[in-house]
Undergrad: 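Pasting a structure below so you can have a look.
Numbered from 1 within each chain, the chains take letters A, B, ... in sequence-line order. Here the structure is a predicted model, which means the values were calculated and not measured.
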Amino acid sequence: MDMTRLTAVGLIQEYERKTLSCLDVARGYLDRAEKYGRLNVFVHLDGEAILSRARALDAKRASGAAMGRLAGVPVAIKDVLCVEGEPTTCGSKMLSNFRPPYSATVIERLLAEDAILVGKTNMDEFAMGSSTENSAYGPTRNPWDEERIPGGSSGGSAAAVAADLAPLSLGSDTGGSIRQPAAVCGIVGLKPTYGRVSRYGLIAFASSLDQIGPFAHDVADAALLLGVISGPDPRDATCVDAPVPDYLATLDEAPRALRIGIVREFFGAGLDPEVEAAVRAAIQVYEDAGATVREVSLPHSKYGVPAYYIVAPAECSSNLARYDGTIFGRRSADFSPRYPGEDKLPPIVRMMMASRAEGFGAEVKRRIMLGTFALSAGYADQYYNQALKARRLIRNDFDAAFHEVDVLVGPTSPTPAFKLGERAADPLAMYLSDVYTITANLAGIPGISIPCGLTKAGLPIGLQLLAPAFAEESLLRAARVFERAGDWHLKRPPLA
Amino acid sequence: MTLTPEDVAQVALLARLRVSPAEVEMFTEQLTKIVGFVEQLNELDTSNVEPLAHGVEVFNVFREDKVEPALPRAAALANAPEHNDECFIVPVVIE
């Protein structure tokens with residue numbers, strides 16, 4: 001048995017039957033991570049710490065102690081999440097030497113359930129990007145085609161699961177950064193409702209949009225991990241005090257009279273024909289399973305990307321103001337005046353400007369500039385406030401649609417994985433990778449991407465399902481209806 | 001709107017980003033293109049629409065006013081580029 005092909009649920013069963021030890025499993029995954037180092041999935045992997053954690057968990061089990069819900073399950077962590085004392089770079093040179101003094105709430109919850117943290121995964125710098133090419137530590141490669149991007153910004157976490165370097169991983173999703181990489185890597189990725197999962201210890205990009213969520217091979221594993229990380233946290237006031245159902249236990253209850261909505265606006269220009277064909281076939285699977293399928297309209301969808309590219313940069317320009325070379329992060333060694341006018345600035349201002357110029361990459365600078373512009377005197381009303389009003393209209397569209405249907409189904413990403421470098425020179429083309437995912441963040445609702453096909457060239461295609469706020473239980477069950485009817489979730493990349 | 005290199009240089013100063021003349025030129029072109037794209041939002045009549053700052057609106061979250069341990073000073077200082085036993089050290093603020 002190749003333990004690295006097991007799901008988390010399968011692995012837990014093997015542990016309970018005592019056919020595997022945590023140490024065997026940890027060694028198996030570390031060997032595989034070494035073998036596929038060329039994919040550049042991990043920015044930090046401490047083999048000794050992983051083995052010693054595995055030994056401690058084996059000892060705990062041998063002592064007869066009750067084990068946590070993720071006992072011995074390796075979970076890879078996007079490098080946007082703080083782990084106390086461990087390097088946490090956020091894909092940036094700015095934080096190349098940063099070791100957080102505390103752990104994120106989700107990390108504490110994983111550890112409390114006896115998970116094994118297996119490495120920090122690569123990502124677009126400060127989670128800004130759709131390809132993981134914006135990492136200061138080089139791009140991650142898509143396990144299905146190593147000349148292609150793994151999606152982003154959580155590309156390392158998606159590739160980790162796709163390449164079986166971990167059965168589970170965590171990512172963060174601000175405009176599609178879990179769902180789009182899940183789609184192009186052929187796995188399951190879930191963005192929970194805003195406020196379902198604590199953001200404490202998640203390095204902030206756009207605080208009203210960011211949400212942490214799971215990657216997995218199948219819906220059951222995603223349900224398991226979601227259940228562990230969800231729930232209120234006194235350290236995050238936006239984390240909602242709503243009960244956390246046992247997502248895994250109810251997963252296979254067939255939804256009663258499932259009503260599916262097909263969003264007319266998600267099938268327009270720009271959608272790859274092979275992606276469209278796979279998604280239409282998936283919709284047929286729902287019809288065959290007895291679901292009611294009807295077309296619905298989200299008339300303000302086209303304003304999602306423009307509204308996002310005001311709201312997210314505005315919040316980012318404020319959140320990233322903290323990286324100024326004073327409290328933590330990079331400080332420039334040379335901040336003497338360099339360009340015209342700088343000689344008139346006080347040394348501390350020059351120090352901040354030089355440190356930020358050195359520490360941040362081009363996309364982060366572009367978004368900070370855009371956000372600063374959109375919030376600056378004379379423009380805030382025209383751009384920022386108008387974007388917030390468009391955001392209300394986008395959410396109203398979803399509210400209306402969810403009066404008619406239980407879930408919305410469509411493509412996750414308009415295209416399969418594109419080639420490394422293909423969109424690097426054109427920021428706007430890159431932004432349109434998130435055209436179907438971005439509105440869920442603006443509206444705060446949960447969404448999941450599940451594998452639903454492969455192109456003729458063998459590239460994965462993702463099916464996106466969206467549900468009302470806090471309806472993760474029905475979202476997962478609806479996803480399971482499709483998964484059960486086929487075997488897309490069992491496909492693995494042809495890695496040599 | 002079309003941003004000028006002067007606009008971009010002013011935004012860079014507000015954002016505390018040192019930019020080279022070549023970067024000013026690049027950002028002027030790119031930001032003009034992106035701002036032109038987001039100006040689609042002006043097609044919308046939003047005169048009777050309330051802005052939405054959070055997708056899931058939560059109001060008045062209270063907790064007990066209880067003293068909890070804070071981050072120890074040494075831990076707070078540990079990641080600073082320059083510090084002594086009790087302070088962050090920065091370049092001259094006022095000459």
Undergrad: Using modelled atom types and a 3.5 Å cut-off, is there a donor and acceptor pairing between side-chain atoms of A:R391 and backbone atoms of B:P51?
TA: no
Undergrad: Show your working on side-chain contact (heavy atoms from CB on, under 4.5 Å) between A:K365 and B:V19 and close with a plain yes or no.
TA: CA-CA 10 Å; A:K365 289 180 188 174; B:V19 284; 5.7 Å; no
Undergrad: Side chain, backbone, both or neither: which part of A:A390 has a non-hydrogen atom closer than 4.5 Å to chain B?
TA: both
Undergrad: So which part of A:R395 gets closer than 4.5 Å to some heavy atom of chain B, the side chain, the backbone, both or neither?
TA: side chain
Undergrad: Tell me the closest heavy-atom pair linking B:V93 and A:P346, and the distance in Å.
TA: O-CB, 4.0 Å
Undergrad: Does some side-chain heavy atom of B:K33 sit less than 4.5 Å from a side-chain heavy atom of A:D426?
TA: yes
Undergrad: Which atoms of A:F398 come close to chain B, meaning under 4.5 Å heavy atom to heavy atom: side chain ones, backbone ones, both, or neither?
TA: neither
Undergrad: Which bit of A:M351 comes within less than 4.5 Å of chain B, counting heavy atoms only: side chain, backbone, both or neither?
TA: side chain
Undergrad: Check whether any side-chain N or O of B:N79 sits under 3.5 Å from a backbone N or O of A:G329 as a donor-acceptor pair, and report yes or no.
TA: no
Undergrad: Supply the atom-to-atom distance A:Y303 OH to B:Q40 CD, rounded to the nearest 0.5 angstrom.
TA: 7.0 Å
Undergrad: Is the backbone of B:L17 close enough, under 3.5 Å, to the side chain of A:R356 for a donor and an acceptor to pair up by distance?
TA: no
Undergrad: If you count heavy-atom pairs under 4.5 Å between each of A:L320, A:L393, A:N385, A:N97 and chain B, which one has the most?
TA: A:L393
Undergrad: Please state whether the side chain, the backbone, both or neither of A:T326 comes within less than 4.5 Å of a heavy atom of chain B.
TA: both
Undergrad: When you compare the side chain of B:F37 with that of A:V305, does any pair of heavy atoms fall below 4.5 Å?
TA: yes
Undergrad: Go through the atoms of A:R350 and report whether side chain, backbone, both or neither lie under 4.5 Å from a heavy atom of chain B.
TA: neither
Undergrad: Does a salt bridge link A:K389 with B:E50, judged by any charged N lying under 4.0 Å from a carboxylate O?
TA: no
Undergrad: Given a strict heavy-atom distance threshold of 4.5 Å, which part of B:V61 is in contact with chain A: side chain, backbone, both, or neither?
TA: side chain
Undergrad: In Å, rounded to the nearest 0.5 Å, how long is the span from CD of B:E23 to OH of A:Y339?
TA: 6.5 Å
Undergrad: In terms of heavy-atom proximity below 4.5 Å to chain B, should A:E358 be classed as side chain, backbone, both, or neither?
TA: neither
Undergrad: More than 12 heavy atoms of other residues, nucleotides or ligands under 6.0 Å from CD of B:E39: is that the case?
TA: yes
Undergrad: What I'd like to find out is whether the side chain of B:L71 reaches to under 4.5 Å of the side chain of A:P101, using heavy atoms alone.
TA: yes
Undergrad: Side chain from CB out, backbone as N, CA, C, O: work out which of these in B:L13 comes under 4.5 Å of a heavy atom of chain A, or both, or neither.
TA: both
Undergrad: Identify which part of A:Y384 has an atom lying under 4.5 Å from any heavy atom of chain B, answering side chain, backbone, both or neither.
TA: neither
Undergrad: Measuring from B:R18:CZ to A:R338:CZ, what's the distance to the nearest 0.5 Å?
TA: 4.5 Å
Undergrad: Using non-hydrogen atoms and a 4.5 Å limit, figure out which bit of A:F335 sits close to chain B: side chain, backbone, both or neither.
TA: both
Undergrad: What's the spacing between A:Q386 CD and B:E43 CD if we round to 0.5 Å?
TA: 10.0 Å
Undergrad: Is it the case that over 12 heavy atoms from other parts of the model lie below 6.0 angstrom from the CG atom of B:D85?
TA: no
Undergrad: Mind ranking A:D241, A:T372, A:D324 by heavy-atom pairs under 4.5 Å with chain B and telling me who comes out on top?
TA: A:T372
Undergrad: So what's closer than 4.5 Å to chain A heavy atoms on B:A78: side chain, backbone, both or neither?
TA: neither
Undergrad: Please classify the contact between A:V311 and chain B as side chain, backbone, both or neither, with a heavy-atom cut-off of under 4.5 Å.
TA: neither
Undergrad: Output the option from A:P427, A:A362, A:G371, A:S208 having the highest count of non-hydrogen pairs under 4.5 Å with chain B.
TA: A:S208
Undergrad: So which part of A:A387 gets closer than 4.5 Å to some heavy atom of chain B, the side chain, the backbone, both or neither?
TA: both
Undergrad: Which distance, rounded to the nearest 0.5 Å, do you find between the CG of B:L41 and the NZ of A:K302?
TA: 10.0 Å
Undergrad: Decide yes or no for B:P91 and A:M352: does some side-chain heavy atom of the first lie under 4.5 Å from some side-chain heavy atom of the second?
TA: no
Undergrad: Decide yes or no for A:I368 and B:R16: does some side-chain heavy atom of the first lie under 4.5 Å from some side-chain heavy atom of the second?
TA: no
Undergrad: Evaluate the side-chain proximity of A:L388 to B:L52: yes if any heavy-atom separation is below 4.5 Å, no if none is.
TA: no
Undergrad: Most heavy-atom pairs under 4.5 angstrom with chain B, which of A:N441, A:V240, A:V349?
TA: A:V349
Undergrad: Of B:V35, B:L14, B:L31, which is the lone residue that meets side-chain contact (heavy atoms from CB on, under 4.5 Å) with A:F373?
TA: B:V35
Undergrad: Between B:V49, B:I89, B:L77, which has the largest tally of heavy atom pairs under 4.5 Å with chain A?
TA: B:V49
Undergrad: Do A:M369 and B:Q30 touch side chain to side chain, with heavy atoms closer than 4.5 Å?
TA: no
Undergrad: Can you tell which part of A:T193 gets under 4.5 Å to a heavy atom of chain B, answering side chain, backbone, both or neither?
TA: side chain
Undergrad: Please classify the contact between A:L370 and chain B as side chain, backbone, both or neither, with a heavy-atom cut-off of under 4.5 Å.
TA: both
Undergrad: Which bit of B:N42 comes within less than 4.5 Å of chain A, counting heavy atoms only: side chain, backbone, both or neither?
TA: both
Undergrad: With a 4.5 Å limit on heavy-atom distance, are the side chains of B:V92 and A:I348 in contact?
TA: no
